[in-house]
Amino acid sequence: QVQLVESGGGLVQAGGSLRLSCAASGSIGSINAMGWYRQAPGKQRELVADIIIGGSTKYADSVKGRFTISRDNSKNTVYLQMNSLKPEDTAVYYCHLPASSYWGQGTQVTVSS
């Protein structure tokens with residue numbers, strides 16, 4: 001079993017910043033990729049960004065240039081630095097290990113206009 005624990009969500013004004021963290025623990029083995037997804041009310045869950053062990057990253061078009069994903073392999077932790085936040089970024093953000101069934105519990109991000 002793998003546990004993913006997210007932290008760092010909250011309420012912020014448009015234009016502000018937040019940093020999310022996700023720590024993986026348990027029967028981890030070697031984690032190749034870690035990612036962040038989000039789900040807004042009434043919408044499907046969507047990929048925000050992911051990063052593989054070598055450092056290659058992928059971003060949704062809507063967050064390119066504003067969000068940065070990074071990871072600390074020694075801590076099995078992935079981060080999402082979110083800058084220039086917009087009201088449309090409001091969602092529950094989930095940590096996920098791609099190609100697995102493991103998801104975090106989610107952390108709420110609310111951006112007020």
Side-chain angles (χ1 to χ4, degrees):
Q1 283 285 46
V2 174
Q3 294 79 43
L4 301 173
V5 179
E6 301 118 334
S7 61
L11 172 64
V12 65
Q13 288 188 333
S17 299
L18 284 174
R19 188 191 194 212
L20 306 183
S21 300
C22 171
S25 62
S27 302
I28 302 171
S30 178
I31 299 177
N32 181 45
M34 300 182 77
W36 288 97
Y37 289 68
R38 67 186 180 186
Q39 187 165 18
K43 295 188 176 181
Q44 288 189 332
R45 194 170 295 187
E46 63 176 0
L47 172 70
V48 177
D50 64 25
I51 183 168
I52 64 173
I53 194 168
S56 295
T57 57
K58 179 171 62 181
Y59 295 92
D61 288 343
S62 59
V63 307
K64 284 181 181 177
R66 300 187 298 121
F67 291 10
T68 302
I69 189 171
S70 61
R71 63 187 287 177
D72 183 336
N73 294 328
S74 67
K75 297 180 180 179
N76 289 315
T77 298
V78 63
Y79 305 96
L80 185 68
Q81 178 66 43
M82 305 185 293
N83 298 327
S84 302
L85 282 160
K86 304 175 181 180
E88 49 264 44
D89 294 317
T90 295
V92 178
Y93 284 70
Y94 297 91
C95 180
H96 175 51
L97 301 186
S100 83
S101 60
Y102 298 115
W103 292 86
Q105 80 284 0
T107 184
Q108 177 70 46
V109 171
T110 302
V111 184
S112 63
S113 57

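- Tracing side-chain contacts under 4.5 Å through hydrophobic residues (I, L, V, M, F, W, Y), one never reaches Ile69 starting from Tyr37; they form parts of separate clusters.
- When all heavy atoms are compared, the tightest approach of Leu4 to Ala24 is CD2-CB, 3.5 Å.
- The ring-ring contact (aromatic ring centres under 6.0 Å, His included) contacts involving residues 63-84 comprise nothing, where partners must be two or more places apart or lie in separate chains.
- With sequence neighbours excluded, no residue forms a ring pair (Phe, Tyr, Trp, His ring centres under 6.0 Å) with Tyr102.
- Remark: of the listed residues Gln44, Glu46, Arg45, Arg45 is the sole one forming a side chain to side chain contact (heavy atoms under 4.5 Å, CB included) with Gln39.
- Between the CD atom in Gln108 and the CG atom in Leu11 there is a gap of 9.5 Å [rounded to 0.5 Å].
- The side chain to side chain contact (heavy atoms under 4.5 Å, CB included) with Lys75 is formed by just one residue from the set Val78, Asn73, Asp72; it is Asp72.
- Sorted by first and then second residue, the salt bridge (charged side-chain N to carboxylate O under 4.0 Å, His left out) pairs with a member in residues 98-110 form an empty list; sequence neighbours excluded.
- By the rule that hydrophobic residues join a cluster once side-chain heavy atoms approach within less than 4.5 Å of another member, Tyr94 and Leu18 end up as members of separate clusters.
- The structure places CD of Gln3 at 11.0 Å from SG of Cys22, a figure rounded to the nearest 0.5 Å.
- The cluster map of Ile, Leu, Val, Met, Phe, Trp and Tyr, joined by side-chain heavy atoms under 4.5 Å apart, puts Val111 and Tyr59 in the same cluster.
- For Asp89 against Arg66, the heavy-atom pair with the smallest separation is OD2-NH1, 2.7 Å.
- No option in Thr57, Ile53, Thr77 other than Ile53 meets the side chain to side chain contact (heavy atoms under 4.5 Å, CB included) test with Arg71.
- Among residues at least two apart or in separate chains, salt bridge (charged side-chain N to carboxylate O under 4.0 Å, His left out) pairs with a member in residues 51-62 are Asp50-Lys58, Asp61-Lys64.
- Pairs of residues two or more places apart, or lying in two chains, never qualify as salt bridge (charged side-chain N to carboxylate O under 4.0 Å, His left out) while including a residue from residues 5-31.
- The minimum heavy-atom distance between Asn76 and Met34, with the atom names listed, is O-CE, 3.9 Å.
- Both Leu20 and Val12 sit in one connected hydrophobic cluster of ILVMFWY residues. Membership requires side-chain heavy atoms under 4.5 Å apart, directly or through other members.
- Rounded to the nearest 0.5 angstrom, Trp36 CH2 and Leu47 CG are separated by 12.5 Å.
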Sequence neighbours left out, cut at 3.5 Å: what donor-acceptor pairs do the side chains of residues 80-87 make with other protein atoms?
| from | atom 1 | to | atom 2 | distance (Å) |
| --- | --- | --- | --- | --- |
| Gln81 | NE2 | Asn83 | OD1 | 2.9 |
| Asn83 | OD1 | Ser17 | OG | 2.9 |

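- Summarising the geometry of Pro98 relative to Ala33, their closest heavy-atom pair is CD-O, 3.4 Å, with the distance given to 0.1 Å.
- In this structure, Ser113 OG and Glu88 CD are separated by 10.0 Å, a value rounded to the nearest 0.5 Å.
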